[in-house]
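Beneath this line is the structure, given in C-alpha cells, with notes to follow.
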Protein chains: 2
Amino acid sequence: MKEVAAIVTRKEVAELAGVSEATVSRVFNDVGPMKEQTRQRVLQAAKTLNYHPNAIAQSFARRRSGNLGVVLPYVPKVHIFSTYYFSEVLSGIGEQVKASGYDMLLKFRVPGEESDYSGIFRSQKVDACVILGATDTPSERAELKRLEDGGFPFCLINQHMSGERFNEVDADHEGGSYRAVRHLLDLGYRGIAFLSGSPEFSNSGDRLRGYMRAMREAGLLPADAKAAGDLPAHLYYEGNYSRTSGMKAASAMHPHLSRIEAVFASNDRMAIGLMQGLREYGHVPGRDYAIVGYDDSEAARVTDPPLTSVAVPFYEMGRLAAERVLRRVGGGNETDGGSESFRLKLDTKLVVRQSCRILR
Amino acid sequence: MKEVAAIVTRKEVAELAGVSEATVSRVFNDVGPMKEQTRQRVLQAAKTLNYHPNAIAQSFARRRSGNLGVVLPYVPKVHIFSTYYFSEVLSGIGEQVKASGYDMLLKFRVPGEESDYSGIFRSQKVDACVILGATDTPSERAELKRLEDGGFPFCLINQHMSGERFNEVDADHEGGSYRAVRHLLDLGYRGIAFLSGSPEFSNSGDRLRGYMRAMREAGLLPADAKAAGDLPAHLYYEGNYSRTSGMKAASAMHPHLSRIEAVFASNDRMAIGLMQGLREYGHVPGRDYAIVGYDDSEAARVTDPPLTSVAVPFYEMGRLAAERVLRRVGGGNETDGGSESFRLKLDTKLVVRQSCRILR
DNA sequence: TGAGATAATGAACGCGCGTACATTATTATG
DNA sequence: CATAATAATGTACGCGCGTTCATTATCTCA
C-alpha cells in the first residue's frame, strides 16, 4: 500500500486553467453566466488533474450533507439485514436514494438510549431521516416530538403513532389481516387462532384488529370484543416475529389443537416456525389445519406446503418514504408544496397458496 | 412542521461558559491539560444549549469523514438487500461499524460505469471502503488498481483477483464445494451434476474447482480435467444465482435425469428453484435424486426436504473486512502494524439435512 | 467614438470545527 | 520572595468549498 495520493483542490485547477477559484466553482455548479471557452478550459484542467470536488467541504459550505439517514434498531449479533421487512424496505430506500442523487447513511440506534434521534439531527450529518423499527413508547414519542419541533424532516415506516402529526408510510395491515381471516372463514374454518407479534408495534395492533373484525362479523366473537384480552385464551398467542417464537407458540398451542382448525400468523417467519413446531406433534399444515402467514416473503414460496400469505409492499413503502422526505429537503427535482405532514397507507394483498384447503 | 431550529455552535457554548472556543473544543475532544472546574463549566453550558458538535465541520477539520463506504452493485428494481449474501455481509459490516464508532455510507455502483471507485475516494466522503459484488473484468481491475495506487484503503469481499495485492476477505469455497461433493460420493452417488453460478465471480470458479477435484479423486473425471469445458455436458449447468435460473436449469436437466443421481448447486436459491422445477417433472428431491445447496441460508431450513448446504460465514466475513479496513485508517482502537495487504480466507462447513439419502 | 448596459470574472469571507503557537496563570524549588 | 517550570487557556488560522459584492471586459446604441 502506498501513501495516500495528494488531494487536488479547486486552487490547482484554477491555476492550471488560469482563472480564479470562484470560476472553477461556478463551472462545477453551473452557476451564473459563463463563457463557453472559459468553461472548457476549466473542465480540461480538472480532467487533467483528475479533480473531484471534496464532498465534505461541499457539504460544509452548503450546510447540507447530501445524506439520507436511515435509522435502524441495533441489537447485538442480530443479522438485521437478513430480516425480510428490513431488507425490502432498505432496498426501496436505496432505489430512491440513488435516483435522487443522495447517499444513504445507516445509523444504528440502541433501543432505550436517549437523545439518539436528536443527536442525529444536531450533528448535521444527515439532511433528513427515515426511521425503521420505531416503537410506540412514551420516551420514543417524546424524542420524535423533539425532532418534529425542531423542524427536522423525518418519516416513520410501518409504525403509526396515533395523536401525533409525524410523517408516516404504512400499509393497510388491518385490511390485509381481515382479508386473510375472511379467506379462512370462506373456506369453512371457524376455530381460527391468531399468532400476534410484539404489541409495541402499531402494525401488530392493526393485524389483531383485522382478525377480530372478521371474527366478529362471522359471529365467532362477541360484538363488543375489542382487545386481545377479549379473546378466548386458546385463540390468542404471542411471539416476537422470529421463527423460534413461532416454534414456541406451537408448544403453547398443542394442548388446544382439537379446538383450532386454522391459524393466522402475524408474519411468515412465525408461521414457518409454528408449522415446524406443530409438525413435530404430527400435525401437518394444509392437511390437519390451515395456516396463513403475513409479508409474503421469499420463504413463503418454498415451504411445504407453500404458504398463503398477505403481501405487503415493503419495498414501495421504503421508496415512497425516501422520496417524500427528500422532497422535504429539496433533495429531489421538485420541492414539496406544503409543510403539512404526509401519511401514506399502501394496500396489502392476499396471495393464496396451498396451506389452506377447503374444509367445508 | 416548523422552521429548522437554530444550530448551536461552540461559539455560543464558549460565551455561556466564559471560555474561548478552543477550550470548548479541547473539552469535547479530551485534549491537553484541562482544569476540572473549567471542564464542568463547559459541559454544563453545552448541555444547557443542547450542543452537539457539527459532524460535517468536524470531518472537514479532521480531514476524515468518519464514514465507511460500502459499495454495492446497483441493478434497477432488484431488491439487493433481500439477497442472502448481501444481507448477511451487510449485517456483519454494520456490527463492526457500530463497534468502531463509524457510520456506514452505502454507495450504489452501476456496473460498467467508469471512475466510480476513484470518484468515491476523491470526493473524500468515506475514509475507506468495502466492496461487494466486484467482478473480475479488465476494466474493474484497472479501477481497483487505481484505488490501490492512490493508497486508498479498501477491501474486496468474496472476490479474489489473482495476481493483485488487493485486500480480500474470502471463504474456502473450493473446500466447501469439495466436501459437499465428497458427501454425495460417500452416500453412494456417482452421477453428480453441477449447477454453477455466473463465471465472472471468483467464487463460482472456486466451487467448480472443488466439485471437479472431488469428482477426479473418485475417478469420475479424467485426471487432467480442469475446466467446465472438460465436463460432460449432462453434468454442467449454469445459472445466475437466482431461484428462477435454478428453475430454468431444471428444464435443461430434464432430458438427462436418467444419468443424474445428484446435484450440487452453487447457492441455495438455485437449488430451491431447481427442486421446484424438477418437482414439476415428478422428480422429488431426497427420494429420486439428492441435492446439496450452498450458503446455508434461512430458506435451506424450510424447504421440503430441508436442504443439505454448505455454510459460509458471510456475516463474519463482513465484520472482519470492516474491522481490518477500519484499522487501516486508524478508525479502531488499534492501528494496524503494517501496510501489507491482508487476505483472509474463512472456513466453510457442510450442514447435513434431509435432501440426500443414502443411495448405496 | 464615447457612454451605458450587460456579461464575465475576481477578491474576500464565511461555514464550524481542530490545533499550533503564544500568552497567562499556577506551582515548585532554592 | 524570586525565578523557573509546568499547567491552563487564548489567538489565529487552515481545512476546501459556495457565493456576495466589486471589478473588469465586452457589447450595443446614439
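Per chain, numbering begins at 1; letters A, B, ... match sequence-line order. Reckoned from all heavy atoms, side chains included, excluding hydrogens, waters and symmetry mates. Remember, predicted model here, so these are calculated numbers, not experimental data.
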Using only side-chain N and O atoms of [X], determine if any of them is under 4.0 Å from OP1 or OP2 of [N].
X	N	result
N54(B)	dC17(C)	no
S59(B)	dC17(C)	no
S25(A)	dC17(D)	no
T9(B)	dG16(C)	no
Q58(B)	dG18(C)	yes

Please state how far atom [atom1] in [X] lies from atom [atom2] in [N], giving the value in whole angstrom units.
X	N	atom1	atom2	answer
F60(B)	dG18(D)	CZ	P	11 Å
D30(A)	dT19(D)	CG	P	12 Å
K35(A)	dC27(D)	NZ	C1'	11 Å
K11(A)	dG10(C)	NZ	P	14 Å
Q37(B)	dA8(D)	CD	P	12 Å
R64(B)	dC17(C)	CZ	C1'	16 Å
R63(A)	dC15(C)	CZ	P	7 Å
R62(A)	dG16(C)	CZ	P	16 Å

- Message: A cation-pi test, strictly: NZ or CZ of R109(A) under 6.0 Å from the centre of the six-membered ring of Y117(A) and no more than 45 degrees from its axis. Yes or no?
- Response: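 Yes, cation above the ring, under 6.0 Å and within 45°.
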
- Message: Within the 4.0 Å heavy-atom criterion, would you say F28(A) contacts the bases, only the backbone, or no part of the nucleic acid?
- Response: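 Nothing, no nucleic acid heavy atom in range.
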
- Message: On DNA chain C, compare the nucleotides closest to A22(A) and E36(A); which residue's is nearer the 5' end?
- Response: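 Closer to the 5' end of DNA chain C: E36(A).
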
- Query: With a 3.5 Å cut-off and just heavy-atom distances, do the side chain of R26(A) and the base of dG10(C) make a donor-acceptor pair?
  - Reply: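 Looking at the base of dG10(C), it does pair with a donor or acceptor on the side chain of R26(A) (distance under 3.5 Å).
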
- Query: Is any N or O donor-acceptor pair between the side chain of R10(A) and the base of dG18(D) shorter than 3.5 Å?
  - Reply: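 Such a pair is found, so the answer is yes.
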
- Message: Checking side chain to side chain contact (heavy atoms under 4.5 Å, CB included) between L156(A) and each of V71(A), V169(A), L144(A), D170(A), which is the one that passes?
- Response: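 Filter result, single survivor: L144(A).
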
Under a 4.0 Å N-O cut-off, is there an ion pair linking [X] with [Y]?
X	Y	value
E143(B)	R146(B)	no
R165(A)	E148(A)	no
E21(A)	R10(A)	yes

Going by atom types only, do [X] and [Y] share a side-chain donor-acceptor pair under 3.5 Å?
X	Y	result
T9(A)	E12(A)	yes
R62(B)	N29(B)	yes
N54(B)	K125(A)	no

Measuring from the side chain of [X] (C-beta onward, heavy atoms only), which nucleotide among [options] has the closest atom?
X	options	result
V31(B)	dT19(D), dA8(D), dT19(C)	dT19(C)
A61(A)	dG14(C), dA7(D), dG14(D)	dG14(C)
M34(B)	dC17(C), dA7(C), dT9(D)	dT9(D)

- What does the inter-axis angle of the helix from dT1(C)-dA30(D) to dG30(C)-dC1(D) come out as, five pairs per end, nearest 10 degrees?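 Both end axes considered, the difference amounts to 50°.
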
- Item | Of T23(B) and A57(A), the one whose closest DNA chain D nucleotide lies more 5' |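 Per heavy-atom nearest nucleotide, the more 5' residue is T23(B).
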
